[in-house]
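Residue numbering restarts at 1 for every chain, and letters A, B, ... go by the order of the sequence lines.
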2 protein chains.
Amino acid sequence: MPHTPAAVSNRRGSYASGRARRDEIVQAAIVEFSEVGYYGASLRQIAARAGITHPGLLHHFPTKDALLAAVLAHRDAVDLEAMAEDKAQGRSYLEALVRLVERNGKRRAIVELYAALSGEATSPRHPAHAFFAGHYELSVRMAREAFDKLRDDGRLRQGVDPAWAARAVVALMDGLQIQWLQSLESDTGAPVDMARDLRAFLESLTLD
Amino acid sequence: MPHTPAAVSNRRGSYASGRARRDEIVQAAIVEFSEVGYYGASLRQIAARAGITHPGLLHHFPTKDALLAAVLAHRDAVDLEAMAEDKAQGRSYLEALVRLVERNGKRRAIVELYAALSGEATSPRHPAHAFFAGHYELSVRMAREAFDKLRDDGRLRQGVDPAWAARAVVALMDGLQIQWLQSLESDTGAPVDMARDLRAFLESLTLD
DNA sequence: GTCTATATACCGATAGAC
DNA sequence: GTCTATCGGTATATAGAC
């Protein structure tokens with residue numbers, strides 16, 4: 001049996017397998033991008049977090065752009081899988097949204113990643129611009145369909161426009177993330193409870 | 001009468017006065033920071049936008065940090081002046097907020113500046129972190145006082161918590177800015193109307 | 001798969017002439 | 001007040017040894 005890459009040793013004790021090493025790098029990149037954004041991050045710092053040198057990193061991801069794309073794809077996969085699980089268990093899209101926000105309340109780096117990148121990426125020249133354009137388009141459309149269904153079921157409060165509610169719920173989630181992150185740094189009172197505030201908004205729109 | 005700096009000529013035709021030149025640099029910095037954030041911006045690029053070299057810029061603002069501070073102070077001054085004007089004319093804080101959002105709908109660079117910097121600045125090491133911490137603290141407190149007054153006047157819908165409404169209105173403004181900026185790049189339908197969506201939220205909370 | 005060494009470019013900031 | 005020239009540092013990316 002020929003030796004595999006995973007069996008080769010180096011000063012870290014042993015090589016991680018290709019897949020595991022890529023995951024380590026992606027995790028390190030999430031932390032770094034979340035703290036200083038895409039432009040502020042350096043491949044050397046990310047590589048150091050992952051325990052390798054920056055040419056070592058570039059063996060797995062040929063450019064900084066490619067690494068960012070891998071980070072975003074990874075996050076999409078994780079969240080979409082969880083949402084699909086919720087859907088399989090019969091939960092509505094809006095219920096799944098609240099659960100997503102609850103989970104995010106325990107994963108600061110992920111929230112910081114989205115806050116830092118979504119702000120940077122409003123500029124069309126940012127390498128994540130297309131990703132976030134698609135992300136918002138999808139999020140608002142899914143929320144819109146959920147509110148349409150609520151209205152058809154007669155459970156939407158009178159006078160509430162589903163299209164408005166969809167934009168508002170997505171906007172509220174984004175804005176609450178920023179306030180939550182700020183509240184973690186501040187020493188004034190309890191941190192913002194994103195899921196509770198989101199739930200309060202949804203309840204203010206529905207009849208039950 | 002001794003000559004003033006404003007009277008000296010250079011290849012641009014004439015020197016701007018100290019004050020005017022500082023304003024030109026601040027305007028250039030707003031554009032650059034808004035497009036690539038603080039970390040992504042370079043003093044050379046900002047200086048080029050303002051029509052000078054980067055050591056010329058550093059004569060007016062000794063460090064990149066100092067330039068950022070000047071940009072934020074300038075924005076604060078402009079917005080607070082407009083809010084004070086509204087207050088002097090008898091408008092409520094929430095009405096002034098809607099008018100602020102209406103004005104922002106015609107000043108894309110300003111909105112992009114806040115979106116890019118507020119995302120970056122959630123990290124405590126960012127040079128604008130303290131500014132945004134204070135900004136959010138103040139915004140939420142002012143909104144809270146406005147909703148408290150509405151409740152005392154019996155004009156707040158039953159069951160609406162003023163503290164929640166304050167966090168939500170600030171969050172909604174932030175989130176709508178990101179969606180508005182994204183909608184300007186997209187070719188699908190009309191752009192998001194931030195002021196209209198904000199007004200709809202406020203109306204959903206009040207009785208009149 | 002990871003390393004050292006290096007190429008090339010840009011960064012923020014300073015020195016000193018005009 | 002603005003310039004040219006430059007310093008020391010870091011960036012992304014590549015070459016080539018192991």
**Request:** State yes or no: are the ring centers of A/Tyr114 and A/His135 separated by less than 6.0 Å?
**Result:** yes

**Message:** Determine whether the aromatic ring centres of residues B/Tyr39 and A/Tyr39 are separated by less than 6.0 angstrom.
**Reply:** no

**Request:** Return the residues of residues 62-73 of chain B meeting this criterion: a heavy atom under 4.0 Å from some atom of DNA chain D. Order them by number, or give none.
**Result:** none

Using the 3.5 Å cut-off, write out each protein N or O paired with an N or O of nucleotides 16-18 of chain D and the distance between them.
none

**Request:** Check every strand shown and say whether B/Ala41 touches a base, only sugar-phosphate, or nothing at a heavy-atom separation below 4.0 Å.
**Result:** sugar-phosphate

Closer than 4.0 Å, any side-chain N/O of [X] to the OP1 or OP2 of [N]?
| X | N | result |
| --- | --- | --- |
| A/His59 | C/dG1 | yes |
| B/Ser42 | C/dC11 | yes |
| A/His54 | D/dT14 | no |

**Asked** Nearest to the side chain of B/Arg44 - C/dT2, C/dG12, D/dG1?
**Response** C/dG12

**Prompt:** Considering only side-chain heavy atoms of A/Leu43, which listed nucleotide, C/dT4, D/dT2, D/dA13, is closest?
**Reply:** D/dA13

**Message:** For A/Glu81, is the CD atom crowded, meaning more than 12 foreign heavy atoms sit under 6.0 Å from it?
**Reply:** no

Over how many whole Å does the gap from [X] atom [atom1] to [N] atom [atom2] extend?
| X | N | atom1 | atom2 | value |
| --- | --- | --- | --- | --- |
| A/Tyr39 | C/dC11 | OH | C1' | 16 Å |
| A/Ile46 | D/dA13 | CD1 | P | 11 Å |
| A/Tyr38 | D/dA11 | OH | C1' | 12 Å |
| B/His60 | C/dA13 | NE2 | C1' | 16 Å |
| B/Leu58 | D/dT4 | CG | P | 14 Å |
| B/Phe61 | C/dT14 | CZ | P | 16 Å |

**Asked** Given side chains that start at C-beta, do those of A/Glu112 and B/Ser123 come closer than 4.5 Å, heavy atoms only?
**Response** yes

So does [Y] get a backbone contact from the side chain of [X], meaning a donor-acceptor N/O pair under 3.5 Å?
| X | Y | result |
| --- | --- | --- |
| B/Ser139 | B/Tyr136 | no |
| A/Arg22 | A/His60 | yes |
| A/Asn104 | A/Arg107 | no |

**Prompt:** When you check the gap from the basic side-chain N to the acidic O, do A/Arg125 and B/Glu185 get nearer than 4.0 Å?
**Reply:** no

**Request:** Measure distances between side-chain N and O atoms of B/Arg21 and base N and O atoms of D/dG1, and say whether any donor-acceptor pair falls under 3.5 Å.
**Result:** no

**Complete:** Hits for side-chain hydrogen bond (donor to acceptor under 3.5 Å, both in side chains) against A/Asp86, two or more places apart or cross-chain, chain-then-number order -> A/Arg91, A/Arg99

